[in-house]
Undergrad: 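The structure follows.
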Amino acid sequence: MKKRTVTYALLILSVLFPLFSNSSWITIGTTFVIYSIVSLSQDIVLGRAGMFDMGHAIYFGMGAYTTAILNSTYGVPVLLTIPFAVVIPVIFAVLLAAPIVHLKGDYLLVATLGFNIVFEQALKNNLFGITGGPNGIFGVGVPSIFGIEFSSQASIYYFSLFFLFLTLMIMNNLEASKTGRALHFINEDSLASETIGINTRFYKIFAFAISAALSGLAGVAFAVQYSTVSPEAFNFIQSVLFFTIVIVGGQSSIPGVLIGTFLMFVVPEIFREFATARYFVFGIAMILTMILRPKGIWPVKFGRIPKYIRH
Amino acid sequence: MKKLWGLFLVLAVAISLSSEAMASSYILIGVQAPITGKYANEGQGIAQAVKLIVSQQNAEGGILGKKIKVIVCDDEGTAVQAAICARDLVNKGVIAVIGSYTSTSTEAAEATYYRANVLQTSDGTSDRLTKHGYWTFFRNSFPNSAEAAFTAQYLVNKKHYKRIVVLSDHSSYSNGLSNAVAKAIKKAGGTVIYRGRITSGAQNFTPVLTKIKSMNPDVIYFGGYYTDGGLIRAQQVELRIKADFVGGDSVDNPDFLKLAGKSAAGTYLINVPTPSILPYPLAKNFLKAYKARYHMMPPSIWTLLNTDGLRAILFAIKETGTTNTVKLAKYLHNLKDFPGITGPVTFLKSGERTGSVYMTYEVQENGSKKIVYKEK
Amino acid sequence: MNTFFQQLVNGLTIGGIYALIALGYTMVYGVMKLINFAHGDLVALAAYIGLTIFMKVGTSSSGLSILLIVLIGTIMIIVFAGMMLELIAYRPLRNAGAPRLSAVVSALGASMVLENGMMLLWGPNLKIFPSNILPSSTWSIGGVIISSAQFFIIVSSLVFMLLLHLFINKTKLGTAIRAAAIDQEAAQLMGINVNRVIVTIFVLGSGLAAIGGIFVGIYYREVYFNMGWLYGLNAFVAAIVGGIGNIPGAMLGGILLGVFNAFISGYVSSSWSEAFTFILLIGILIFRPTGILGERVAEKV
Amino acid sequence: MHFLEVKNLTMRFGGLIAIDDLSFQIEEGQIFGIIGPNGAGKTTVFNCITGIYTPGTGEIIWQGKNITGKSSHLITKSGIVRTFQTIRLFSHMSVAENIMSGRHNKSRQSWLSGIIHTPFYKKDEKENWLKAAEQIDFFDLTDYTTIEVGSLPYGIQRKVEMARALATEPKLLILDEPAAGLNDKETEELSGMIFKIRDRGITVLLIEHDMDLVMNTTEELCVINFGKKIAEGTPESIQNNPKVIEAYLG
C-alpha cells in the first residue's frame, strides 16, 4: 500500500511541477521526461529481455527525424506525424533485429553498436537527400489543436509527460502479462524458455519493436522540445549513455531507470559550473556503483504474483 | 484509469495556458556561444567582448535610462545544446542575442528567436542562415558564397589552375563552404575534377590522397578545419603529390603550420584580415581595451565581427529610443555604413551584411604569412 | 596499378597500428570475456605521455635515442596505468562474482574517466607532436611512395607481434594464458594463478597499446583527448574480424581492416568508409561470428 | 502407429558419432527408460527429440507426424516437454513465476496484452495462475511459492522444474536424470511422483543413472552404448542381458 501511495504522490508532483518552477527548470524537467522514456524503452530490451543493445539511439533518432522531416520539410502538423514516428522505428527495429537477435551477449552489443554508427553516417551523408546532412533539420514546430499553438515550455513539458505516462502504463501492463513474463524468462535462460514452448525469436524481436515504438514517441517530444534534430544527438555515445543508465539504475526496475536518468541528465544541470568535469565524475560513479551495487542502485524485486495464489 | 487520464489532460492544459509574464528593470542581452568544447576559446572571446562593450555602455549610464545585463548560455557548439540555450534565453526575456560562433548552432536557434521576436546577430557564414526569411536575424560576417566567389576568382582567374580538387569534411560549415566553392569554380569556368569528403579527426587521409594523386590535380582546395588541413597537407607532400594547396578561412590557424611542419611552406590560405591588421581607429581602441581588461588578444576576427553586431543593435536602440524588436529590426534593415570595428556595417533586407574584404596569404619558409592577393 | 600498391602501403601502416591495439582487446576478451572499452583510451593516453616525455628530453640528445627513451618511458607508464585499470575497475567485480554486464559498465566508466581526465589534464584542444622525431625522407619504389615513418611502423609492428607470438607459444606464462583463455576454471584447478595471468595480459596489452599510441603520435602527429574511441573501435572491429580471443586473428584482422579501409576510401567513398567498416563487422557477426580464424564452440546443454 | 517413434537416428559432431542409427518406439501411457554408460549419447537423443539439435539423418515421428528438425517451442507446443540434467530454472524468479512459465502456450492472451489489458486478458490471466497453483499443490511446493528459486535446495529445484514442465500440460514428459543429486529419501519420493504423473495420463521417458530408480519405475528399457542400441526389453530381461553387463563392467 505504501509503495502505491508514494507512486501516486510522485505522479501528482510531476503534473504540478510547472506551477512552482521557472522555465529553466521546466526545460530541465522536459529533458528528464524525454530521456526517461528512452531509458525505460531501452530497459525493455536490455533489462527485461536481457539483450545487450547498444544502438538504441537509432530508434529515438528515427522518431525525431520522422517528425522533423514531415513537419519542417513537408509541413505536416506535429500531432499527425506521431503515427509515422512510431511505425517507422518499429519497422526498422524488426528489420534490423531479425538477423541479429540470435547473437549472444557481447556479439549483439557490437552488432547494434555497428548499426548505430552506420545510422549516424547515413544521417551525416544526407541519405536520400532528406536528413539534412551534418546540419540536421531545423525549425520543427509545436503541437497545435484547432489552431491554438502550444508553444510555452510548460505545454511542451506536458506533451512529453503524456508520453512518459503512456510509457509507464505500458511497462506496467507488460510486467503483468504473458508477453512481459516471456521476456524475463528469455533473459534468465533462453534455451529453457524455448523448451517450455516460448518462441524466443518472436519475443526478442517483439522487445525491439515495442521499445522502438516508445523511443519513437520520445523522438517526437525531442524534435518538438529542441525544434532541431542533428546526427550527433543520436550517435552511439548516446546509446552508450542509455545502456549505462539502465545498468547503473537497475535492470527491469522502473525507479532504478528513472534514478539513472536523473543522475545522467539532471544532476549535471545543477552543477553546470563543473560542466567540464561532469563526465569524469560520472565515470568514477559508474565504476563505484558497479563495485558496490553490481545489480544497480535500485535493483528489481521479482515476484509479482497475484494475491489469490499466495497462501 | 480513464478518469486519471482525463484529470491529467485538464490539469496540463490549465497550467500551460496560465503562461508566465516577466518584467525586468534591465535591458537583457543574451550571448549564445560555445563556452566549453572544441571551440571554447572562440566562444569565450565572444562572451568577453560582449561584456566589455556592455560595461563600457553601462559606465556611460546605460541606455534609455536602463542598465544592460548580459546572460551567457553555453551551446557547446552543438545544435541540440543551441536549441536549449535559445529557449532558455527567450524565457529569461532577452531582447537580442549575440551568437553563436558556428553556423550549425546559429541555425538551430534561429527559429526559436524568430518565434519569440528576439533579435539575433551571428558570425555564422553558412548561406542558409539568411535564407529562412526571419526578420530577426542579422549576419555580422560575410556568407560562404562571398568567400567562395573570391576563392574561385583566385583559383581560376588568378592562378589559372586547370584541374582542381575540392575537399571538405562533413560539418555544415565545411561542407557548405566547399560546395559553394565548387559551384563558384564552375561558374568562373574552371573544372573541379574531384569533390571529396573526409571524416574530421580521422588522421589517416592517405587513402583519399592516393586516389587524388592518380587524377593529377593542379591544386587541392580544402575548405575545412586546420586540424585536418595540416595533416592533409603533410600527407600530401609525403605522397609526393605535386599539386598546390589552398585552404579556407578555418585552415588559417597557427596550429596548421605546426601540423604541416615543413610542408606548410608554399601553401595558400584564404581569409578575412586578422584583427591586428585592421586599419580602423575604432579597432585599435577596442583591441587596446580588450587587452587591458583580459590580458590577451581576442582569439580571432570572429570576436570583432560579433562585437560589431552588438554595437549595431545598441546603436539602433539609441537611435529609435525603443526596445521594441520589430522597430529595431526595421531600423537595422536600413542601416548604412555604420562605423564598425571591422569596417562599415550595412545590412540588406535579408539581414545579410555587405562589403566583404577577403585576401590570400602565402605561407613562407620561416612560417610567416605574406599577403599575395586581395579583393578589390 | 601504382595506386593499388600505394593503397596497400597506406592500409598496412594503419593496419599495423590497429593490429597492435587489437591484440590488447583480444587477449582481455579471451581470458576475461570482457570488452575492455578503456583500452582505446590507453592509446590516447600513451600519445599524450609520449609527447610530454618528448618535450622534456627532446632537445638534449639525437633522433633514435630520444625515440627509445620516449618509447620505454611511455610503455612503463601505460603498463602501470593498465595494471591500475585492472586493479581498480575490474578485479573487485571479478572477486565479487558480479554479472557480466556490470563489468561492461565498469569498463565504460573507466573509459569516461580516462578520456575526461586527459581533457582536464591537457585541455580540450589538440596537441601536436614535433615533426622531426623520425627523418622525413620518403622512398619511391616503382612509383609507390613509402616514408621512413611508414616503414618504421610496418616493420616494428611486425616485430612486436612476432615477439608476442613467441611469448605466448614458447613460455610457461604464455601457455598459462592460452590455458586460461580456453577454460578459466579448469586452468585454476590445474594450479594456474588466474589473477597473475590477467595481470600479465593487461601488462602485454597496455604495452602494445603504448607502442600503438606512440606510432599514432609520430606518424599522424596530432593528439586529442577523445581519439581513443577512433582507434579503439577500429581495433576492436579488427579483433572480431580475426576472431575475438584469437591472437593471430587479431594481427590478421588489424592488417586486413587497415587495407579494407584504404581500399574502400580510395575506390568506393571516403564519406562512407566508416559505415562500410561496420557493415563488414555486422556481416561477419551474422555469417561467421567466430571471425576468420576463430573456431566454432558448441554450447553445452 | 506408435506414440513416439525414433527411426534410424544418426548425429555427428565433427568426426565424432554421438548417435549411430538408433531406433526405438514408445507407446502411450508407458514409463520408458534409456540407460547407458557416461558419454553413450543419451542426452543427445533427448536434444534431438526436443529440437535443440537437428539430427544428421533419421526421423522422429510424434503421433504420426514427422517433427524432425522442428523448433523446440513448436515441439513443446505439440505436447513433448523436458527437464534438464543440470537444472535450468529461471533462478532469479520466484517458484510461482517459474511454474507459470509453463503456462505460456496454454494462455491464450496475445502479445497485445503486453500493451493493453482487456477484460479477456484478466480472465485468462487468472485461469492460468490458478492452473500454475494446481502444480504448486501437486508437488507440495506451497511453502516456497514466492521464494527466489535459485536460493532453494537442489531437491526442491528438481520438483519446481518438473512442475514447470507439467504446467505445459504435456502428453510426453522427458526427464533427463531426474535423480541426479538427490538423496535416497528424495529419490524414493521421486519414483512415487513419476507414477503419479503417469496416472494423470502422461507418458514418461527418462534417462537415469540410478539403477534402483530405473528398475523400480520403468516398464520398458532401451540400453545404448557409443550411440548404438545394444538391448531393449523389460527391466528384468535387461538386468540379465550379457551385452549390458559387459558394457557396464567393461
Side-chain angles (χ1 to χ4, degrees), chain A residues 44 47-50 86 90 102 166-167 169-207 209-211 213-214 251-252 295 299-311, chain D residues 50-52 71-78 80-84 87-98 100-117 121 124-126 128-130 132-133 136-137 142-143 145-148 150 161 164-165 167-168 170:
Chain A
I44 296 177
R48 281 151 216 269
V86 170
V90 169
H102 66 280
L166 204 65
T167 305
M169 191 189 87
I170 289 174
M171 305 227 14
N172 210 34
N173 285 349
L174 188 66
E175 189 63 22
S177 77
K178 167 174 143 175
T179 319
R181 283 191 296 269
L183 298 185
H184 283 305
F185 299 142
I186 291 167
N187 184 359
E188 290 275 318
D189 188 334
S190 183
L191 184 85
S193 308
E194 186 79 21
T195 58
I196 50 146
I198 297 173
N199 184 348
T200 52
R201 194 178 155 71
F202 172 84
Y203 284 98
K204 282 176 177 179
I205 296 174
F206 172 82
I210 178 121
S211 83
L214 296 175
Q251 299 166 61
S252 309
K295 285 181 180 166
V300 65
K301 283 197 191 74
F302 280 110
R304 242 178 100 161
I305 299 158
K307 267 172 252 115
Y308 47 79
I309 71 154
R310 290 171 192 244
H311 295 269
Chain D
T50 54
I52 292 170
S71 312
S72 278
H73 70 270
L74 292 177
I75 291 171
T76 306
K77 207 169 179 178
S78 70
I80 302 179
V81 71
R82 68 171 292 174
T83 64
F84 292 89
I87 300 174
R88 294 189 82 137
L89 285 165
F90 310 119
S91 55
H92 294 106
M93 302 175 83
S94 66
V95 169
E97 284 167 300
N98 265 279
M100 185 64 176
S101 72
R103 298 299 306 165
H104 184 85
N105 273 327
K106 296 294 167 189
S107 166
R108 284 179 303 133
Q109 47 177 293
S110 76
W111 55 268
L112 265 173
S113 63
I115 301 168
I116 299 163
H117 285 176
Y121 153 85
D124 179 73
E125 190 79 356
K126 183 159 189 183
N128 284 290
W129 275 112
L130 289 175
I136 294 176
D137 289 337
T142 43
D143 292 346
T145 314
T146 58
I147 295 175
E148 190 180 302
E161 203 188 18
R164 178 180 74 180
T168 66

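Every chain is numbered from 1, with letters handed out A, B, ... down the list of sequences.
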Undergrad: Need one label for D:S110: side chain, backbone, both or neither, based on atoms under 4.5 Å from any heavy atom in chain A.
TA: backbone
Undergrad: Give the minimum heavy-atom separation between D:E97 and A:F185, together with the two atoms involved.
TA: O-CZ, 3.4 Å
Undergrad: Quick one: closest heavy-atom pair of A:G197 and D:T76, and the distance?
TA: N-CG2, 3.5 Å
Undergrad: Quick check for you: among A:E194, A:M171, A:R201, which has the greatest number of heavy-atom pairs under 4.5 Å with chain D?
TA: A:E194
Undergrad: Kindly give the heavy-atom pair with the smallest separation between A:A182 and D:H104, and that separation in Å.
TA: CB-CE1, 3.8 Å
Undergrad: Is a side-chain donor or acceptor of A:E188 paired with a backbone partner of D:S91 at a separation under 3.5 angstrom?
TA: yes
Undergrad: State the NE2-CD distance between D:H92 and A:Q251, to the nearest 0.5 angstrom.
TA: 10.0 Å
Undergrad: Side chains of A:D189 and D:F84, heavy atoms from C-beta outward: is any pair under 4.5 Å?
TA: no
Undergrad: Write down the atom of D:E125, the atom of A:K178, and the distance for their closest heavy-atom approach.
TA: OE1-N, 4.4 Å
Undergrad: Between D:I147, D:D143, D:I115, which residue shows the highest count of heavy-atom pairs closer than 4.5 Å to chain A?
TA: D:I115
Undergrad: Would you say that A:S177 contacts D:H117 through its side chain, given a criterion of any heavy-atom pair below 4.5 Å between the two side chains?
TA: yes
Undergrad: Once rounded to the nearest 0.5 Å, what's the spacing between atom CH2 of D:W111 and atom CG of A:L174?
TA: 12.0 Å
Undergrad: Tell me which of these, D:G114, D:A165, D:P170, has more heavy-atom pairs under 4.5 Å with chain A than the rest.
TA: D:G114
Undergrad: Where is the tightest heavy-atom contact between A:I196 and D:T168, given as atom of each residue plus distance?
TA: O-CG2, 3.9 Å
Undergrad: Sort D:I116 into side chain, backbone, both or neither according to what part of it lies under 4.5 angstrom from a heavy atom of chain A.
TA: backbone
Undergrad: Counting only non-hydrogen atoms closer than 4.5 Å, does D:F90 touch chain A with its backbone (N, CA, C, O), its side chain (CB onward), both, or neither?
TA: both
Undergrad: If you tally heavy-atom pairs under 4.5 Å against chain A, which of D:S101, D:S71, D:A167 wins?
TA: D:S101
Undergrad: At a heavy-atom distance under 4.5 Å, which candidate from A:N199, A:N187, A:I210 has the highest pair count against chain D?
TA: A:N199
Undergrad: Working to the nearest 0.5 angstrom, can you tell me the gap between A:L191 CG and D:I52 CD1?
TA: 4.5 Å
Undergrad: If I compare all heavy atoms of D:S113 with all of A:T179, which pair ends up nearest, and what's the gap?
TA: OG-OG1, 4.0 Å
